Chemist: 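I have a structure I would like to understand better, so I am pasting it below and will then ask my questions one at a time.
First the proteins, then the strands, lettered A, B, ... as listed; each starts at 1. Remember, predicted model here, so these are calculated numbers, not experimental data. We use all heavy atoms of the structure for the numbers below, so side chains are in, but hydrogens, waters and symmetry mates are not.
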Amino acid sequence: DQQVKQNSPSLSVQEGRISILNCDYTNSMFDYFLWYKKYPAEGPTFLISISSIKDKNEDGRFTVFLNKSAKHLSLHIVPSQPGDSAVYFCAASARVNSGYSTLTFGKGTMLLVSP
Amino acid sequence: KAGVTQTPRYLIKTRGQQVTLSCSPISGHRSVSWYQQTPGQGLQFLFEYFSETQRNKGNFPGRFSGRQFSNSRSEMNVSTLELGDSALYLCASSPRQGIGNTEAFFGQGTRLTVV
């Protein structure tokens, strides 16, 4: 049972345009969400996160939007650059007694930004 | 500050053999989590160690085990290897237990190929 779903395996965008990566989740206990970026032959690197008490978080060209009622979040990259070409993973966690649970990841979306 | 170090980077093993992978977390980080990444399944949680104790375990068979030493370094072991164990094994370190609300720092991974 996939609790975090990234339904688009890949996305192609032209340089300078907006990239929108989507993520849906099913577990209503999730209340913290993160995006990771992964280049080939490297480990994932943290990009941006959002707590469930917010609906938007911005960091430079990257903005994450959270719609709790729809159990949906999205990552916007504006403007997209060729160096953004990578696999993007959406991850979620839930608050537990000892703090937060481990991360549950989606399967990833491969973003290709062409010049 | 040195990042998360995983050794070896690449490994080729034969079916039925066993393998041990190593992870040295960022200095001062006490939590180490292991993930398996395969093309079809994304990142799947294996287990989390904090202060030498396994705190969480994912849905993997008993052939997968791990441990953490007093210096926070961690090892994971896979016995009786199967072809389906071929994957990228990623280690993530975090200062606190339950990495879900912190930006976990990932190593580059160990690419295991079972033939």
Chemist: For B/L90, which atoms come within 4.5 Å of any heavy atom of chain A: side chain, backbone, both, or neither?
Modeler: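 B/L90 touches chain A through side-chain heavy atoms alone.
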Chemist: Does one side chain, of A/S74 or A/N22, offer a donor that lies under 3.5 Å from an acceptor on the other?
Modeler: no
Chemist: In terms of side-chain heavy atoms, does A/S80 have a donor or acceptor partner in A/R17 at a distance below 3.5 Å?
Modeler: no
Chemist: Do any pairs count as a ring pair (Phe, Tyr, Trp, His ring centres under 6.0 Å) and have a residue in residues 69-94 of chain A, sequence neighbours left out, and if so which ones?
Modeler: A/F65-A/H76
Chemist: Looking only at the side chains, is there a donor atom on one of B/E48 and B/S31 sitting less than 3.5 Å from an acceptor on the other?
Modeler: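 Indeed, the side chains of B/E48 and B/S31 share at least one donor-acceptor pair under 3.5 Å.
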Chemist: B/Q44 side chain to B/Q36 main-chain N or O, any donor-acceptor pair under 3.5 Å?
Modeler: no
Chemist: Without hydrogens or angle criteria, can the side chains of A/D24 and A/T26 be said to hold a donor-acceptor pair below 3.5 Å?
Modeler: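 No, no side-chain donor-acceptor pair sits under 3.5 Å.
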Chemist: Against chain B, work out which of A/P9, A/A41, A/P44, A/A91 has the most heavy-atom pairs shorter than 4.5 Å and name it.
Modeler: A/P44
Chemist: Whether B/D85 and B/K13 form a salt bridge (side-chain N of Lys/Arg under 4.0 Å from carboxylate O of Asp/Glu) is what I want to check.
Modeler: no
Chemist: Please classify the contact of B/Q37 with chain A as side chain, backbone, both or neither, using a heavy-atom distance under 4.5 Å.
Modeler: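 Side chain only.
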Chemist: What residues of residues 107-115 of chain B sit under 4.5 Å from chain A when you count only heavy atoms?
Modeler: B/G107, B/Q108
